[in-house]
Number of protein chains: 4
Amino acid sequence: MELNSKQVTIIETAEKLFADRGYDGTSVRNIAEEAGINVAMISYYFGSKEKLLEALFSYRAEGTTQKLVSMLANKVLNPLEKVNMMIEYYIDKFYNQTSFHKIMSREQVASRRSAIAGLIQGFKKRNQQLIKEIIQEGQKAGYFTKNIDIPILMSTLIGSISHAVTTQHFYREINNLQDMPEDQFQKMMKKKLNAHFKFIFKAILTHEV
Amino acid sequence: MELNSKQVTIIETAEKLFADRGYDGTSVRNIAEEAGINVAMISYYFGSKEKLLEALFSYRAEGTTQKLVSMLANKVLNPLEKVNMMIEYYIDKFYNQTSFHKIMSREQVASRRSAIAGLIQGFKKRNQQLIKEIIQEGQKAGYFTKNIDIPILMSTLIGSISHAVTTQHFYREINNLQDMPEDQFQKMMKKKLNAHFKFIFKAILTHEV
Amino acid sequence: MELNSKQVTIIETAEKLFADRGYDGTSVRNIAEEAGINVAMISYYFGSKEKLLEALFSYRAEGTTQKLVSMLANKVLNPLEKVNMMIEYYIDKFYNQTSFHKIMSREQVASRRSAIAGLIQGFKKRNQQLIKEIIQEGQKAGYFTKNIDIPILMSTLIGSISHAVTTQHFYREINNLQDMPEDQFQKMMKKKLNAHFKFIFKAILTHEV
Amino acid sequence: MELNSKQVTIIETAEKLFADRGYDGTSVRNIAEEAGINVAMISYYFGSKEKLLEALFSYRAEGTTQKLVSMLANKVLNPLEKVNMMIEYYIDKFYNQTSFHKIMSREQVASRRSAIAGLIQGFKKRNQQLIKEIIQEGQKAGYFTKNIDIPILMSTLIGSISHAVTTQHFYREINNLQDMPEDQFQKMMKKKLNAHFKFIFKAILTHEV
DNA sequence: GATGAATGAGCTTTCATTCAT
DNA sequence: GATGAATGAAAGCTCATTCAT
């Protein structure tokens with residue numbers, strides 16, 4: 001789907017508001033006002049509020065899978081290095097697209113907007129398949145142990161990052177970091193989370209610490 | 001707060017609907033219809049829709065902290081056994097109160113309903129403090145390594161379980177388990193998650209696998 | 001109608017609230033809360049909200065006419081003295097029963113609550129008849145000029161006092177009297193209004209100043 | 001504020017209903033039905049029911065003050081003639097805008113809708129200031145006596161006319177004029193009231209009859 | 001005699017969407 | 001292609017009153 005600049009503005013405004021207030025907590029009027037456009041434009045360009053949400057998913061999901069593909073096709077890295085790369089990639093992705101992931105983590109729970117649920121499910125399935133392949137590659141090559149439950153492992157990665165990102169303010173508060181500048185805080189968190197998950201994945205995949 | 005049986009019915013109906021459709025996606029009329037009561041009853045008993053949500057939080061949160069306290073006051077268990085107990089406890093809690101935790105994970109993201117945000121934050125802070133104490137106890141006794149970032153560790157536990165629970169249907173699908181009876185599935189998942197997190201926590205806390 | 005003390009409490013609370021917020025702007029719950037009684041009591045004692053308003057009118061109107069009658073039956077005073085007495089009486093009445101007169105001046109405008117409209121109309125008719133008699137007595141005795149339009153004269157008295165009383169705060173403000181104690185202010189106003197209306201009535205009735 | 005024809009329809013319908021039933025006694029549905037428009041239009045055009053009332057005040061008040069100003073700037077008339085002109089003006093105004101004045105006299109009593117209360121108070125203050133100027137002009141020129149309490153004098157004019165106008169039906173009944181055509185009745189009343197108030201004002205201002 | 005519980009009807013306002021231009 | 005005007009439907013909440021006890 002080709003998007004003109006006005007459509008992109010709408011989508012990105014919607015993303016911000018959906019993340020802050022939820023899909024149902026955001027009205028098309030809110031979006032229109034924030035984006036500085038006419039209310040009718042949303043129906044005009046996207047057909048409906050729900051279709052706008054779908055468009056947002058397509059907009060953000062596009063590229064993700066292909067990046068994962070190209071990254072994992074790398075011939076030089078060994079399986080553990082690939083896994084570490086994937087960890088880095090996910091942490092970056094969540095921090096760079098916080099709003100989008102807030103929406104996604106909310107929407108995958110709700111069973112109502114089926115078109116969206118289908119999109120998310122398909123998206124996650126594709127990505128998990130890719131990751132499964134690296135891990136199996138590592139298992140075949142003798143790097144990784146057998147009996148690894150990949151969905152649970154991915155839940156650990158994605159669920160944890162998601163939780164950490166969406167509750168950043170809580171982390172700041174509990175550690176008295178309210179005044180640390182956002183970029184410095186993010187840099188620190190990324191570093192900590194990278195070390196944390198690389199340690200965990202190594203332990204699980206190789207039974208070594 | 002003392003609740004009569006009608007109030008409990010309303011709260012539990014609301015819990016189910018809020019979990020399925022989100023707070024903003026659920027109308028008080030939806031709740032009233034589902035609960036088989038008059039719409040006006042919700043305002044009558046709780047004052048407003050938002051106060052109903054608060055009542056739901058009190059209703060579910062009540063007892064949790066005190067269970068955690070009593071459980072951890074145990075004098076017989078060593079720190080690692082206590083940590084394992086806590087892991088079991090959280091996994092049970094999420095499976096027994098799935099709806100409630102879906103709501104909580106959504107609501108802690110949204111920044112708007114401040115009364116709720118405050119409740120959740122306070123609740124989590126109290127619980128983290130308790131867990132911190134066990135871990136510090138283990139550190140003093142020489143069981144656990146130093147430099148453990150407790151909020152990140154708890155994000156890993158809670159974020160992961162939450163993610164696993166809220167995306168069960170996805171786990172079933174990816175493993176072709178759509179036909180497994182719910183209780184059998186749950187039993188299996190609990191067992192897997194227990195093993196998974198006990199392994200992770202042991203690795204992180206003791207640097208042994 | 002015999003009223004017990006609880007009924008009187010309700011009526012007097014209702015009077016205050018009706019005066020401040022209007023009949024439709026006051027809910028039976030407002031009254032019940034303010035009076036410290038159960039909501040159901042209002043229907044229980046008076047039948048309905050509207051009947052409560054009627055009861056209030058009866059409660060306040062009772063005695064007024066008979067006071068007027070007895071006052072004007074006085075054999076010693078001359079007609080102008082009687083008129084002056086009536087002026088004093090009305091000014092006192094408005095100041096002593098401000099709330100009630102606020103309600104009455106509002107309700108006589110509304111055409112909806114017909115039972116009330118009828119009560120007010122009958123009440124005013126009776127009183128005007130009495131006043132008409134004094135004035136005619138004065139005319140027969142040669143004290144007063146002919147061609148006096150009594151309803152217009154009474155509108156001048158009642159409309160003016162009512163307006164002055166209901167806009168007291170405005171009078172205070174325009175004259176920078178916000179800090180004058182209420183009783184002192186009232187005393188001053190009564191004196192001024194008495195002089196003012198006695199002057200006007202004398203001018204109209206006797207063509208002398 | 002520019003008003004389109006639909007907005008004017010809404011305002012004038014609201015005026016009629018507010019006058020008959022009071023602000024709180026009139027629902028936006030009543031207005032919408034009577035005006036033949038959709039309920040949502042009222043919020044759409046005015047924002048809220050209360051803002052509609054404010055719009056009505058602006059709509060009616062607009063022009064009043066400036067008419068008063070221009071009228072009183074007249075260089076040819078002497079002060080008493082100006083006062084008489086003002087009396088004529090007020091009587092006309094009340095008869096031509098009966099509904100509006102019913103609402104205003106009700107609303108200035110209620111202390112709740114503060115935006116409206118402020119509008120009314122400001123409006124009256126401005127007008128009283130203008131009248132004060134003519135009277136002071138007359139005093140300086142030796143036409144009028146000293147010690148005139150202008151707010152009380154204006155209460156007499158406005159309170160009386162207001163009372164007379166809002167209780168016209170009573171005047172008709174008491175004088176058996178129920179069958180007189182409205183315009184003829186009004187013409188008669190205006191004439192009577194003019195004579196009445198010109199007489200009173202002359203008496204007060206000049207101490208002559 | 002008195003009242004807490006309950007309710008249908010109504011309130012004002014906002015919703016996403018459509019339509020005429 | 002773009003938009004201001006308009007709307008039916010639904011939102012959350014309050015209303016006066018009734019009823020079982």
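Note that these values count all heavy atoms, side chains included, but never hydrogens, waters or copies made by symmetry. Since we're looking at a predicted model, the values are computed, not measured. Chain letters run A, B, ... following the sequence lines, proteins first and then strands; every chain starts at 1.
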task: Name the residue closer to the 5' end of DNA chain F, choosing between V28(B) and A40(D) according to the nucleotide with the nearest heavy atom.
output: A40(D)
query: When the nearest nucleotide of DNA chain F is assigned to K6(A) and to K49(B) on a heavy-atom basis, which residue is associated with the more 5' position?
result: K6(A)
- prompt: F170(B) ring centre to K124(A) NZ or CZ under 6.0 Å, with the angle to the axis within 45°?
  reply: yes
message: Would K102(C) and F18(C) count as a cation-pi pair here, with the cationic atom under 6.0 angstrom from the ring centre and within 45° of the axis?
response: no
message: Below 30° counts as parallel, above 60° as perpendicular, anything between as tilted: where do the rings of F94(B) and H101(B) land?
response: parallel
Any [X] side-chain nitrogen or oxygen under 4.0 Å from OP1 or OP2 of [N]:
X: S27(A); N: dT14(E); result: no
X: Y44(A); N: dG1(F); result: yes
X: N38(A); N: dA2(F); result: no

Whole angstrom is fine here: how far is it from [atom1] in [X] over to [atom2] in [N]?
X: Y45(C); N: dT18(F); atom1: OH; atom2: P; result: 17 Å
X: E33(D); N: dT7(F); atom1: CD; atom2: C1'; result: 15 Å
X: I31(B); N: dG12(F); atom1: CD1; atom2: P; result: 8 Å
X: D24(B); N: dT14(E); atom1: CG; atom2: P; result: 15 Å
X: R21(C); N: dC15(F); atom1: CZ; atom2: C1'; result: 14 Å
X: Y23(A); N: dC15(E); atom1: OH; atom2: P; result: 13 Å
X: M41(D); N: dG8(F); atom1: CE; atom2: P; result: 11 Å
X: E2(D); N: dG4(F); atom1: CD; atom2: C1'; result: 17 Å

field: ring-ring contact (aromatic ring centres under 6.0 Å, His included) between F123(D) and F57(D), worked out
entry: CA-CA 10 Å; F123(D) 178 62; F57(D) 272 92; 8.2 Å; no
task: Could you check R29(B) against I42(D) and say which one's nearest nucleotide on DNA chain E is further toward the 5' end?
output: R29(B)
field: 5' priority, DNA chain E, between N4(C) and T26(A) [closest heavy atom]
entry: N4(C)
field: For dA16(F), the Watson-Crick or wobble counterpart (both distances under 3.5 Å)
entry: dT7(E)
message: I'd like to know if the side chain of Q7(B) and the backbone of N4(B) have a donor-acceptor N/O pair within less than 3.5 Å.
response: yes
query: What nucleic acid atoms does S43(B) come within less than 4.0 Å of, heavy atoms only: base, sugar-phosphate, or nothing?
result: base
